[in-house]
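Note on naming: letters A, B, ... go to the chains in the order of the sequence lines (proteins, then strands), and numbering restarts at 1 for each one.
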4 protein chains.
Amino acid sequence: MLNKVVLIGRLTKDPVLKYASSNMIPVTTFTLAVNRNYTQQNGDRLADFIPIVTWRKLAEICGNNLKKGRLVAVAGSIQTRSWDDNSGNRHWITEVVADEVKFLDSNKSSGNDPMIDLGKDIHSFDIDVDGGDFDGFSPVESEDDLPF
Amino acid sequence: MLNKVVLIGRLTKDPVLKYASSNMIPVTTFTLAVNRNYTQQNGDRLADFIPIVTWRKLAEICGNNLKKGRLVAVAGSIQTRSWDDNSGNRHWITEVVADEVKFLDSNKSSGNDPMIDLGKDIHSFDIDVDGGDFDGFSPVESEDDLPF
Amino acid sequence: MLNKVVLIGRLTKDPVLKYASSNMIPVTTFTLAVNRNYTQQNGDRLADFIPIVTWRKLAEICGNNLKKGRLVAVAGSIQTRSWDDNSGNRHWITEVVADEVKFLDSNKSSGNDPMIDLGKDIHSFDIDVDGGDFDGFSPVESEDDLPF
Amino acid sequence: MLNKVVLIGRLTKDPVLKYASSNMIPVTTFTLAVNRNYTQQNGDRLADFIPIVTWRKLAEICGNNLKKGRLVAVAGSIQTRSWDDNSGNRHWITEVVADEVKFLDSNKSSGNDPMIDLGKDIHSFDIDVDGGDFDGFSPVESEDDLPF
DNA sequence: TTTT
DNA sequence: TTTT
């Protein structure tokens, strides 16, 4: 019926950009560390580590420009998927499918890496709603090959 | 940093109310079926099945009043936890911790079951922010015994 | 940068469906009464009354099917507009532009009015993202004629 | 019933911190410029300007630390209020009451002004849910004196 | 098995 | 009547 998520956090690692085997649609995945507001008395857990998936043009922008440690805002929805391991056991996965990803800090790696110039403003990228060159809009497809 | 979720869906089963073994805090869990807007061409998946956790007073209200099939709105945040199985394998779980649960349909089971009278209005219940009688506010505690 | 709203409430009046004078795009407006969780000690204000605007296909669905008192969920964003009155004074308006409207209760008026059959399930309608027959996608256009 | 807002944007001016005349509760107001994702063909409107209100401890933190141009995330709810002008005309105001404000950029004004040291991390502040020393929790009180 |  |  309704399924809305907004997160702000940092990438735990560099994102992973792949092309789905069946239709070559770009798909990028990363994990977001979202710090909790309170501090545990034992100092134990301080963050939630939330798997994020992006598709198509947004996947390419994220895969080519985000890096470990970058601060981003993600808007999207929660999705559940299942996959079967080699032993025939079914595993369930809950992840966030991002519709929008906003880059909230400037590019830290000022070296000569192939990142685009983010300029002096905060950049934001929306999802490619019409699917660009891709054949037919399907909100979620080719869920195989996802690393989670 | 920021972690906000809003869901509307139906309970896939009756909720499960337990009392955490360490401190007897009430905790209720259920799974929400959230229908997607689009229809798969193959008619395959139409909904996401999202695990929900509630604590304290809200847990008691949900555990005592919700039933399979009821339509609810949930506001809260995404949480990740890990647990180790008997074989020593660690499993990761992503679920939604509910701060607010709104009952969106009237009581379907008009029989003589022990459900409270929901009256003619939509009822809503907020989380017990101060923790009631409990000693000290801890946003998430006693995560053992969770059924997910 | 990011602008997300989710509301659940009831229409204070029947919605108003118009066609924008410049380009004949359908636009429907209504006000949502969103009850607050707490009760004022003086019993004064119990709800916020939030102006909602919808465009295109979603506007037609809302304008033709919603009625005063219906319970709906709205997802969208906050928008600010200004207009000048006859005395040359500028007025500022804050409203919610709906991307999605979900009908949460069944059709109350079971008479022979021209409402569509909502069936036994909750119906939901998304915004017409591609704009249908309209010439070029413009997220908000023709803001004149709005009744707020 | 349910009323959730998340915004990311920049302060158009320095925030205004006042103490409500009736009970001396701190209240801070500011306007957030939230850039839209799309560009108008005429280059006209690019942002929404959304009035924000915060209360109590969060009001003091915002009033003492935020400045014009700072990038923040705001989570809260939409509120409507009315006030009567000298001519006896009633005016309606829609604003966002912030429960959480996250500071997303580091302190720009590195001079010797009285701002607190924000350190090298992103700082976040939650609302003072129990109201501190104040007598009884009332989510919104003393709405007079608000500058909007 | 993690970000700052 | 506005931010970057």
Q: What nucleotide among F:dT3, E:dT3, F:dT2 has an atom nearest to a side-chain atom of D:A47?
A: F:dT3
Q: For D:L66 and F:dT2, give me the distance from atom CG to atom C1', rounded to whole Å.
A: 16 Å
Q: Rounded off to whole Å, could you give me the CZ-to-C1' distance for the A:R36 and E:dT3 pair?
A: 14 Å
Q: In whole angstroms, how far is the P atom of E:dT3 from the CG atom of A:L104?
A: 19 Å
Q: In chain order, what residues pass the side-chain hydrogen bond (donor to acceptor under 3.5 Å, both in side chains) check against C:D85, with sequence neighbours excluded?
A: C:H91
Q: If the condition is salt bridge (Lys or Arg N to Asp or Glu O under 4.0 Å), which residues does C:D84 pass it with, not counting sequence neighbours?
A: C:R90
Q: Between P on E:dT4 and CG on A:L32, what's the gap in Å once rounded to a whole number?
A: 12 Å
Q: How many Å lie between CD1 on A:I8 and P on E:dT3, as a whole number?
A: 19 Å
Q: Kindly indicate whether the side chain of D:N3, heavy atoms from C-beta on, has any atom under 4.5 Å from the side chain of C:I50.
A: yes
Q: Over how many whole Å does the gap from A:N37 atom CG to E:dT3 atom P extend?
A: 19 Å
Q: Measure from the side-chain heavy atoms of A:N35 and tell me the nearest of F:dT3, E:dT3, E:dT2.
A: E:dT3
Q: Give the nucleotide from the list E:dT2, F:dT2, E:dT3 with an atom nearest to the side chain of A:R10.
A: E:dT3
Q: Using whole Å, report how far CG of A:L71 lies from C1' of E:dT3.
A: 10 Å
Q: Round to the nearest Å and state the distance from D:R70 atom CZ to F:dT2 atom C1'.
A: 18 Å
Q: How about A:F49 and A:L32: do any of their side-chain heavy atoms sit closer than 4.5 Å?
A: no
